[in-house]
Amino acid sequence: MRKNRLRIVIAIIVIFLIGSFFVEKKEGVKQKLPTLGVLQFVSHPALDQIYKGIQAGLEENGYIDGKNITIAFQNGQADQSKLTTMSQQLVQEKKADVLIGIATPAAQALANTTTTIPIVLGAITDPVSAGLVKNDKEPGGNITGVSDKSPVDAQFELANKLLPKSKTVGILYASSEENSKYQVDEAKKVAQQKGLSVKTFAVPSSNEIAQTVQVMTSEVDFIYIPTDNTIANAMQTVVNEANKSKTPIIPSVDTMVQQGGIATVGINQYELGVQTGKMAADILAGKSKPETTPIYTFKTGDTIINQKQADKLGITIPNDVLSEAKIIE
Ligand code: TRP
C-alpha cells in the first residue's frame, strides 16, 4: 500500500514538472521578439550603405537584432517577381510588425502587399510620384519614411564651376526606374536654366549601358547621373567607358563619386539609413504612427570631390570649392 502511494505521489510530481515545462515553453513562444522586415531592391554601394545605417539607427534607438528585435532581411536582386514573393514572405511567414523598403521598387512591392503593417521608406526619391503616399507632410496611410531627393540645383552649380566650358550635358538613366524620371525632369529644367543644352539617354536595361555611354561621350561634354539603381549597379562600366574619352561624370551621390565620378553635392547614404532606422524604431516603440509622420527630407548635401579622378581628367578644382569640400583620394 505504502509503496503504491509513494509511486502515485512521484508520478504526480513528474507529470507536474513535465507540464510546467511545456507551459513555460508556450509562454516563451508568446513572448516572440518583434520582427522588422527589410526588403532591399538590389545590392549597390549606396543601398548597402543605407542598410548599414539602418542597423546603426535602430541600435542608437535601443533595438538590437537578436536581443530585443528580429531583423528579417531580404534582397530582391533587381527582380520584380522576387520582390513580390519576398514581400509576401515578410508579411505572411515572418509576420513582420514593421517593414522597411530600401529603394522605390522594393517599397512599392511592400505597399502592394499590405495596407495595414507600417512601412518605412528607405531613401525613396519621390514618394508621391511613386504612388506611395498622398502627401509628404501628411502621408495618411501605413507609410512614412525618408526621401533622398537630390539637391539638383547645387549639383549643376558645382558642375558649372568645375566644367565652365561645358555646353551640353547628357543625362544617363534607366527607362524602367520611375524614381529617375522624376529627377531627370528636374535636372533638365535646372540645367537649361544654367545655360546648358540637355540630351537624355534612357537605357532599357543594364546590357545597353556600355554602348550608350560610348555614344554619349561623342555627343556631350559631361555626363549627369540621377539616383538610378540600374546605373549605380553598373557604375564601374560607366566610368570605364567614360574614361576612354576623358568625359567627366557628375553623379548624384557620394558612393558614385567614390567609384569614379568627379564630384557632387550629395546626401550621405549612411545617414539616410540612420534616419530610416530611427523612424522605424519610433514606430516599433509606439512613439509615432506612419499616417501622421511627415516624410523626412534632407535640406543640404555635402560637396564631395574625387581628387584622383579630377587629376586624371585634367580638371582643376577652384579654391572656393576645395575649401568646403570633402576630398576622396
Ligand atoms: N532613391 C532611389 C530610389 O528611390 C534609391 C537610392 C538611394 C539610390 N540612394 C541611391 C539609387 C544612390 C542610386 C544611387 O529608388
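Keep in mind the model is a prediction, meaning the values are calculated, not measured. Start at 1 and go down the list; that is how both ligands and their atoms are numbered.
If you look at ligand 1, the protein residues with a non-hydrogen atom under 4.0 Å away are H44, A46, L47, I50, A103, T104, A123, I124, T125, D148, N179, T227, D228, N229, A232, V253, Q269.
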- Give the intermediate values and the outcome of salt bridge (charged side-chain N to carboxylate O under 4.0 Å, His left out) for residues D153 and K194. CA-CA 9 Å; D153 203 83; K194 301 214 184 286; 3.5 Å; yes
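Residue-environment remark: CD (E138) stays at or below the threshold of 12 foreign heavy atoms within 6.0 Å.
Look at K278 and D282 and you find a salt bridge, because one of the NZ, NE, NH1 or NH2 atoms lies within 4.0 Å of a carboxylate O, short of that distance.
Taking the side chain as every heavy atom from C-beta outward, Y270 and I50 never approach each other to under 4.5 Å.
Between the side chains of Q89 and K94, no donor-acceptor pair of N or O atoms lies under 3.5 Å.
Under the 4.5 Å side-chain heavy-atom criterion for ILVMFWY residues, a single connected hydrophobic cluster contains both L132 and I119.
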